[in-house]
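We count ligands from 1, going down the list as the structure has it; atoms in each ligand are counted the same way. Computation of the quantities below employed the complete heavy-atom set of this structure, encompassing side-chain atoms and omitting hydrogens, waters and symmetry-equivalent molecules.
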Amino acid sequence: MPASNKSYRAETQLVHAGILRSQFQETSEALYLTQGYVYGSAEECEARFSGKIPGYVYSRYSNPTITMFEQRMAALEGAEAARATATGMAAVTTALMGVVRNGDHVVAAKALFGSCRWVVEEWLPRFGVTSTLVDGTNLAAWTNAVQKNTKAFFLESPTNPTLEVIDIGAVAEIAHAAGAKLVVDNVFATPLYQRPLELGADCVVYSATKHIDGQGRVLGGVILGSEKFILDHVHHVIRQTGPSLSPFNAWVLLKGLETLSVRVERQTATANAVAAALHGHKKISRLIYPGRSDHPQADVVKKQMKAGSTLCSFEVKGGKDGAFRFLNTLKLIGITNNLGDAKSLVTHPTTTTHQRLTPAQRAELGIDDGLIRFSAGLEHPDDLIEDLLAALDAV
Ligand SMILES: Cc1ncc(COP(=O)(O)O)c(C=O)c1O
């Protein structure tokens with residue numbers, strides 16, 4: 001099935017899109033674990049290297065297993081082109097650094113995953129790229145932050161870990177009026193619930209380490225956009241600087257994609273059930289779930305997302321002590337920093353993903369010391385709710 005075939009629904013694309021069958025006509029995608037390729041003649045080698053004839057040259061640039069993963073992701077996202085990377089952070093860094101040059105300026109939402117915020121605040125300035133961080137839910141703040149040299153806007157939605165939802169279409173309009181490109185980190189929504197390119201974004205990035213693998217096995221990332229965006233801003237950066245995905249990990253991610261829709265659907269139902277069970281609990285002072293009508297941006301969720309999320313966040317009373325007592329009492333749910341996994345996981349953002357921020361910066365983002373991020377897995381929801389309620393009893 002060609003990647004460009006848009007007539008199939010997402011569930012079908014996830015299983016079939018982008019497959020390249022070898023002469024053996026294998027059922028499952030082949031794993032081409034090779035760094036390079038051989039040529040029938042020196043002339044053919046020369047022509048392949050110069051691009052006069054198409055074909056694979058070196059796996060830092062491209063590889064058939066990686067192509068299958070890229071084509072499947074492009075079909076799913078409705079993107080013209082995709083490039084895979086070794087991690088989600090490689091995808092974010094490559095996309096941003098591909099767009100900006102020394103002397104440019106970036107406007108980004110404040111509520112970013114810790115490493116993404118580090119890239120914007122600490123890494124880009126080393127190359128002469130300045131930035132302004134804004135409250136992503138405040139559209140006037142995006143407009144007011146624009147400078148003559150603004151070349152990129154960057155946001156994630158829903159945000160990690162407070163699950164704020166940003167109006168992607170409105171921010172895209174502001175970016176384009178300023179002559180800037182909008183890059184969206186779509187990890188929390190997954191391509192099944194939100195399609196930023198259709199909403200006006202120029203580029204979408206994923207940590208494939210999360211729902212796309214979804215079984216805690218490998219790291220990976222992917223960057224998606226128009227053919228022109230990928231050629232102008234991404235293709236050469238990956239080819240020459242080498243943040244490339246390994247073919248083995250691409251194969252694992254292809255297998256992960258096959259089950260993405262059933263996993264995400266089930267995880268969302270579980271996150272919903274957990275949010276309903278914890279809502280109003282006397283040991284919790286705040287509960288945030290994008291699928292609920294009391295979510296602060298419920299209208300934006302309705303406008304741009306197909307469903308809520310596989311995650312919900314809540315604030316346990318008693319600050320860090322309360323949160324740690326809760327975490328240490330859990331029996332089934334693992335304490336970790338990953339998300340989107342078959343196993344349900346909890347994270348304490350203050351001491352892990354967002355520990356680099358100052359207390360004042362965390363307070364500004366609503367990341368209190370009692371905040372817990374819960375990522376729903378595939379267990380029976382009642383077992384998870386029993387585990388969570390028993391741990392809350394200990395607070
Ligand atoms: C929203 C978001 N973006 C990017 C990343 C980075 O992905 P990776 O760990 O695959 O580099 C993560 C998680 O780690 C994340 O949660």
Please give the N or O to N or O pairs under 3.5 Å between ligand 1 and the protein, distances rounded to 0.1 Å.
from	atom 1	to	atom 2	distance (Å)
ligand 1	3 (N)	Asp185	OD2	2.6
ligand 1	7 (O)	Ser207	OG	3.1
ligand 1	10 (O)	Gly88	N	2.8
ligand 1	10 (O)	Ser207	OG	2.7
ligand 1	10 (O)	Thr209	OG1	2.6
ligand 1	11 (O)	Gly88	N	3.1
ligand 1	11 (O)	Met89	N	2.8
ligand 1	14 (O)	Lys210	NZ	2.8
ligand 1	16 (O)	Asn160	ND2	3.2

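By the side chain to side chain donor-acceptor pair (under 3.5 Å) test, His233 pairs with no residue at all, sequence neighbours left out. For Glu227, the side chain to side chain contact (heavy atoms under 4.5 Å, CB included) partners are Glu80, Ala81, not counting sequence neighbours.
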Please walk me through it: do Thr34 and Tyr56 pass side chain to side chain donor-acceptor pair (under 3.5 Å)? CA-CA 11 Å; Thr34 178; Tyr56 292 97; over 6 Å; no
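Listed by first and then second residue, the salt bridge (charged side-chain N to carboxylate O under 4.0 Å, His left out) pairs involving residues 99-119 are Asp104-Lys151, Lys110-Glu364, Arg117-Glu121 (not counting sequence neighbours).
Under the 3.5 Å distance criterion, the side-chain polar atoms of Ser313 are matched with a main-chain donor or acceptor of Pro161.
With a 4.5 Å cut-off on side-chain heavy atoms, Leu278 and Phe374 do not count as touching.
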